[in-house]
Structures are given as structure tokens and as C-alpha cells.
Amino acid sequence: MKELSKQYDPQKTEDDIYKMWEDSGFFNPDVCIEKGITDADAETFSIVLPPPNVTGTLHIGHAAMLAIEDTIVRFNRMQGKRTLWIPGTDHAAIATQSKVEKILKEEENKTRYDLGRKEFLKRVDVFAQDSHDTIVNQSKKMGSSLDWSREAFTLDEKRSHAVRTAFKKMYDDNLIYQGARIVNWDPIGKTTVSDDEVIYKEEVAKFYYLQYGPFVIGTSRPETKFGDKYVVMHPDDDRYKEYKHEQEIELEWINGKITATVIKDEAIDMDFGSGVMTITPWHDNTDFDIATRHNLDYEQIIDFDGTLLEIAGEFAGQPITDARQNIIDKLDEKGLLVKLEDDYVHNIATAERTGGTIEPQIKKQWWIDVNKEFEQNGKKTTLKILMQSAVRDNLIDIIPEQFEKTYFHWIDNLRDWCISRQIWYGHQIPVWYCQNADENEKCTQPIVSTDDIISCPHCDGEVKQDPDTLDTWFSSGLWTFSTLGWPEQTDDFLTYHSTNLLETGYDILFFWVARMILMTRYILDGEVPFKTVYLHGLVRDEKGRKMSKSIGNVINPMDVNKKYGTDAVRLSLMIGSTPGNDAKMSEKKIESYRNFSNKLWNIGRYITTQDIKETSDVSINSPADAWIMSRLSQTISSVTQHIENYRLSQAGEELRDFTWTTFADWYVEIHKIEKNDTVLIHVYKTLLKLWHPFIPFVTETIWQEMFDEDQILMVTKYPAPQETSMKEDVLNTFETVKEIITHIRNIRATYTVPANSEINITIITQDVKNITTQENLIKKLARVGKITIQTEDTPQTESASAIFTDGKLYVHLSGIIDIEKEKKRLEDDIAQTEKYIKSIQGRLNSEQFTKKAPENIVQQERDNLIQAETKVTESSQHLENLTN
RNA sequence: GCACGCUUAGCUCAGUUGGUUAGAGCACCUCGUUUACACCGAGGGGGUCGUGAGUUCGAGUCUCUCAGCGUGUACCA
């Protein structure tokens, strides 16, 4: 066995280790089968990487995602499953485009219009490629065992084909339609955004009460009021009984006299303001609905660039912010301003990406109809129903469960999905319009096609493609199967779909997860994209704030990887955080896991300095051996179960506990006396395998440097629990001896005042056979040279001894005990135990308990009682001995 | 407003279907520093599990109330 170097230096080895894995080809399940690592007919485990946006670099949240997924993937691969983890990146249409636009503005003071569509897209491609390369490199640094040979991009050729195929299928089924409706218009990005891309921010604004003929209306947006010629009130509102539905009223308004029409509608809240409002159907959803119900006129007031249109008369061309005050000034002059409140708190809608204030507008867009009935597998259904039933019928489990409720709540309020965007970067909508539509009736229909259309199929005339692009989530929605080659029925697609798991942040449950379910169930005839959704939380700073550049609290994963090692970072992101909950991250936490990697390394170092021969045999010679083997077996089965149920934190914690406090602190110490090399090596090798999914670098490094194995650790078989043949009472003996040792050490460490008294510690054991071994052990571990243990054959020394009689082990200590402190400890201990005894007795005396509680619980309590009583008796005996 | 969470040791959090005297890491205190490891070892203190009630033989765990915090979502002119 080769000796390990003094310290583990992750920076020196990580890149080489990753390269070795990559060169081995084992990230690719086909290679695993070819090389006999995996059986061809093995169960599959497939998962897609949520493709990071090509907008720059990875952040700590990505690092967490990669760590969690890699751990699960490595675990499954080692379990012998045919395991596939597909990498990729997302073109992230609007996010990427606005990033490039920003750079363009800063560096060249140009807009995308200055460059033109073609040239601009070239720039975006260069930027995206650059980001992509960074992201791939960073993913490798994290140790991700992704199958790079299958890498995909949401905007590459294959995915484009999938997108067009999906679009055409939906269009042909009338699930995609074109319609003029209210959209969320972002005047900065000059595009529509979906409901989910709108962020509401609280704002304090002015609220105006205006005289509108005989009514007083309230508004916070006077600039929209020009076109208001309908005044609406609740049909049951007695205050306005005298006014009839569709009654016309002449009144003085901003730019002179107008004729207003009274409308009665139940959407009006009688208690809000004056209970009367005027409506602006072009720029408000509720108003639009009212107008649609009563078949009223619409008129656009605000232009798409955020300035007022001709209808505003003298205010035309002014931006909203200026116009608002000017209009109020004029209304005030005319005596129409009744009252002004300046502490009106409301939410304003802003665009997620650009920060622009959303202006609702009516615009012709492409929509996906979520409520339209269609037939699937002989049953009538809708997209909404497909989304609901996937989770309701347990085709998909969401972890943690509470998000299932959130999911249903979202679907209940779901409206049609606006999928067209007025931006350039993305999948251009696969629809062409014939330029001769006016002349030829046949040519008025849009042409939807999966291939580019060069000329009109009816008249051979010129065609133009719809200039809009698709919402980025349209292509992401196809991700689980577009990455596997769909619409072609490839081997990959047939083998690996549905995928087993989707692991992603809860913040994109609606954006992405829900859309994937919608798309997959529709396109693949009810099939689900994945069987389990695991939602992780956000990674926050140590104070619980979001990490942001402006606060300066960003932890860059690459920096800390370099400083503490990738494994430490991975562990700190996985242990101590549970699905769905945000995790706080700090360098201190990473540091503590760096210490752990070092511990694992040093156990190996101890082994390599011991002149041990490598062997695969395991011989159990002592209770200590049996004990560690049995504890190992317990740990394996528990850890395996935890990982299978995606409780990674729990699994990691138990492994750490076993490694540190059981194996390193006890068994390795014991080995210094007993020298059973076979068990030591077996446990250590097993631990390396158990740890490998979590901390692949340090484990593989140790494996490579220490041992002379044929197989790399990454593809070794995951350990299975093993029954030990040792009897339970032998194991108990060891636990007992362990307790004695702890107790002796405790006394020595805690009590320092010299006294010439003796103390007896009585421990009950059932097995005396291995006492000689334990004698040395206690001696060594107590690290008190003077202590010896006396059995029937060994003589007593002058300062300390232990004696076995009547199945009891008496340990005598002398010379180092503070009697007063020891007395107090015993007294406290007795008092506490007596209290405990009382509570058990109370329970056992109650008939309800003995009758209704299960038998094993009752028996357990009886045992507890006996144990506690024994403890009191013995402690009292010690106390008496001390007092005399 | 509606929905969903969270509240357990000084801090960060575990606690699977209700069942021994509620756990870990960090921090703190004491002692130790020994050829695997000071990126160390041994030990200790510290919690009426947010409040109040209920169900139960038994509640950190289930139900309800209230309070504080957070997230999502809707919105009113």
C-alpha cells in the first residue's frame, strides 16, 4: 500500500481525477454496458440536468443543484442501474437577449435595431457560446458525472425540429390559436411577457377623485382616462338607482364635452371608493372583461413605447410620468379634481427581466388554450386536466409534498398561455403568411410547417415568416424527450423516457415543471416527463438574504471550491438542508466540511503508515470487530434507504457520524492495540464507496493513491448490508466496555483535585471471555498509564484496578478524584433518574396505558424501569462508598 | 385578500408512519495535545419544541385558535 501524503490537497488532484473519469467513458451508460460495468437489461435511471441559462456563469444555486443530482446519479450508477444524466443549456430567450442588449448599449451605445435582426443574432450567438463554455467548465469543476456525448441546447437544430413538430401538432389540434387579447406589455423590452414573468412591487402613489358628470370616480392613473366613455356601477347599488343601464349622459371631461354611457356590471365593488368607475378596456384586464361582456368599444390610449397617443390631444406624445401631473393640473384648473390622497399603497406590475413597468395592451398574440377539450386515448380532456391528473393520480410525486397544494392552486388560476414574444432571440414561430392574401381567398390562412416555407403552396407567391419568437419555456417544456431524440423514435427515447427524476428549484415549479407536464402529457399521449419531482430551496447568505451583487454577499462556487475543495462545498450544500426549504450558506460551514474531508484522508493515512498488507478477507476476532461490522451494516442499510427516498441530508449526517465518532474515534483507536487489519481495511474501503456519491474527488483520490484496484471507485459496486454472525450479547459487551472507558476518561478529565480515596464503578456485563483484550484497550484509551484492569488471573496494581465477580466488572480508580464533585454528580444523577422512574411508574400504574398501548411499548417501559432502578441502586452504593 | 410554509439549544438546522429521559454541527466552558489528523482528542453547560386549547394511554409530531416571520398568487377603478 502506498503512503498518502501529509495533507489532502484538492487543488492538485481534482482536475486530473475528473479527466480520468471522463476518459474512462463511464459517464455514458452505453460504455458502461460495453465494458461490463452495467448489465444491458438493468433497470434504468434517467434524469435531465435543468439546463442553465446561457447568460453568464454558474452561481451557488447551480452548484447545489449539480451536487444533489450528481450524488443521486453516482449512487444509482454504483447500484448497477443503467444510469443516464443529460447535460444541456437553455437559450433563455429574453434573459439572454436583454443581457446582450445591455452590453451593446454600454460598449457601443447601440440598440438591436441599429444592428438589425441578422447581425444582432450573430452577436447573441457569440455571447451564448461563450457562456456555454464557461458553464460546461464549471459543471466539470463541480464533479458532475454528466454524459457530455449527449449534450443538448434548447435552440440547436434537433431541439428546433422538436419545437416545430410540437407547435404544428398543437396548432392542428386547435390548441394553439392566434387572438387579440390583453397582454402584459413591457415597454422597455418591447415585448409581451407571460403572467409568470410579471413581478409585483409595492408602491406608494397618489390617488385622485375626479368629477365625472354627476359621479365621482377614483383613479391612480388619470393618463388612461381620455377614452373613458363608459361609467360602470353595480346593478344593486341603491345610490345610483336613478341611472339606467345604457343611459347616456353628457359631461365635461379632460379635453371638452363627451357623451358617456352608463353600464351596470357585477364586477364592481360597491365598497371601494365611490362605487363608480370608468373603464379603459384597452389597458386593463378587468375592464377588458367588462367591455367584452357588454360588447363595448376599445380604444388604445398609450402607445407601445409608453407615450400617449393622438386621443390625448394636447398631451399626445408625452411619456406617462410627465403626462400624469399635467393632466391633473388641467383637471384641477377645470374644477374637476375633487380630492387627492397621496398615501395610496398598491402593487405595480414590472417585467422580471427588464424591470419595465408593465402596460396592459391589447395585442394579437399566439396562445395555448388550456381549457379547450380534445380527445386523448378515447377520452375527452383538456391540458389543464392533464396537468392536474398527473399529480392527483400519483403518476408524479412532488417532494416535498406541500408543493402539490401550491401546484394545484396555480393550475386552478391558470389562464391561457401567451407563447409569442416580440424579441429576436429564440425559436421563430413556424408560421408563414402569403403576401397575396388580399387577392387569393385560399391564401389568407397562415401556413404552419415544421420545415421552412419558401413560397405559398397555393399561389406560389412570396411568403413571410411570423417575426415573433416563442416563449423560452415552450422549448424547455419538451426537454425530457427532445433531448432523447424525439420526434424520432430513437433507442434513447424508448429506453430512457419517462425519466425518473426532475431535480430543480421550487422557484421554477410553474415556469418549467408545470409546462413540462403539460407538454409531455399532451404530446406523448398521457405519458409523464418524470416520476418524481425533487424541489430544492434557494441558497441564501448566512443572514438569510438572497445573494446579490449589489449587497456583495455572493459566494462564488468556483472561489470556495479552490479554497476548500469541491467536496467540502458539495457537502455543505447537501447536509443540513431539506427539500423545499431555503438553505443558509457560509464559509464557516464549508470549512467544517473541509475538516471532514481531511479526517477521511487522515484515516487513510493512518492505515498506510501501519505496514498493512492489502487483503480482501475479513476475519472477525473480537467483540470490537463484531461491533464495528454490525454498526457498518446498519449504516449501509440506513444510508441506502435515505438516498433512495431522496433524504440526502439525513444520509450524509449518518455517514459522517459513523465515520467520525464511530470509526475514527473508536475503532481506529482500538486498532492501535488489537491490530485486526482485515476489518480496518474492509470498513475503510466500504466507507469510501459509501461516501463516493457525496464527495467523489477525495474518495477517488484515496482509492487511486492507496489501493491497487482494477476498477475505478466511481463504478465499483455500492455496498450491501451484511449480517454479522456474532451474537447480540457480544455486541452488548462491547457497548458496555465502551461505556466504562468513557466513564473512566470522564472522571480523569473532569476531576483534578487529588484525594486518597477509591471509587467503585460497577458495570454489568454478560460476557467475560474477551476481558484481556478490553484490559489493554481501556489502558490505552484512558491514556492513564497507571490504570490496569484486574481479572481473576491478573494482579491488582496500587493505583487502579478492575475486578470481575458475579458477572460484574468492578473498576477501581484512585488518586485523582474530587470527592465533593463526584458526590454532587451522583446525587444529581440519582435525583434525575428517580424522577424518570416516577414517570414510568405513573404510566405503568395507569390501566389505560397497560390496556391500550401496544404490548411492545409496555414491555419496553418495564425494561426501562428495571434499568433505571438498577442504576439508582448502584449509584447510591457508590455514593455511600464515597461518603465513608 | 386568498393559498402555502416556517417558529425546536446562543447561531444554523435535523427530527420518516404519534411511543424510551428531544438530536447534530458551529459557538461557549473545562481538561488534554499522544507519530493518522490542532483542518485534533475527551468531557461539560445550555431547550417548559412560538401562544392557548383539543384529540389520545401517550403530542415536537395530529386538529383548532392567536401571534410573529417568510414565500407564492390575486387585486379595486
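Heavy-atom basis, side chains included; hydrogens, waters and symmetry copies ignored. Proteins get letters first, then strands, A, B, ... in listed order; numbering begins at 1 in each. Just so you know, these numbers come straight off a predicted model, no measurement behind them.
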(Q) Below 4.0 angstrom, which residues in residues 857-865 of chain A have at least one non-hydrogen atom near RNA chain B? (A) A/I857, A/N864
(Q) Quick one, A/Y208 and A/R324 - any side-chain contact, counting heavy atoms below 4.5 Å? (A) yes
Q.
Rounding to an integer number of Å, can you tell me how far A/I411 CD1 sits from B/A74 P?
A. 15 Å
(Q) Just the rounded figure in Å: distance from C1' of B/A74 to CD1 of A/I358. (A) 16 Å
Q | Pair A/E591-A/N595, side-chain donor/acceptor within less than 3.5 Å | A | no
Q | Runs of at least three Watson-Crick or G-U pairs with RNA chain B, cut-off 3.5 Å | A | B:1-7 with B:67-73, B:10-13 with B:23-26, B:28-32 with B:40-44, B:52-54 with B:62-64
Q: Give one of base, sugar-phosphate or nothing for A/S220, where a contact means two heavy atoms less than 4.0 Å apart.
A: sugar-phosphate
Restricting both atoms to N or O, compile the protein contacts to nucleotides 54-62 of chain B shorter than 3.5 Å, with distance only.
| from | atom 1 | to | atom 2 | distance (Å) |
| --- | --- | --- | --- | --- |
| B/C57 | OP1 | A/K852 | NZ | 2.3 |

Q.
With heavy-atom distances below 4.5 Å as the criterion, would you say the side chains of A/T504 and A/V513 are in contact?
A. yes
Q | Letter per nucleotide, 5' to 3', of nucleotides 3-13 of chain B [B base touched, S only sugar-phosphate touched, - untouched; heavy atoms, 4.0 Å] | A | SSS------SS
Q. Can you find a donor-acceptor pair, distance only, under 3.5 Å between A/K588 side chain and B/C26 base?
A. no
**Q.** Within residues 225-234 of chain A or reaching into it, pairs that qualify as side chain to side chain donor-acceptor pair (under 3.5 Å) - sequence neighbours excluded
**A.** A/K225-A/D228, A/K225-A/T278, A/D228-A/T278, A/D228-A/T280, A/K229-A/D297
Q: Check each residue of residues 646-654 of chain A for a non-hydrogen atom within less than 4.0 Å of any atom in RNA chain B, then write out the ones that pass by number, or none.
A: A/R647, A/Q650
Q: Step by step, work out the ring-ring contact (aromatic ring centres under 6.0 Å, His included) result for A/H671 and A/Y606.
A: CA-CA 10 Å; A/H671 179 268; A/Y606 167 77; 5.7 Å; yes
(Q) In this structure, how many angstroms lie between the P atom of B/U48 and the NZ atom of A/K835, rounded? (A) 12 Å
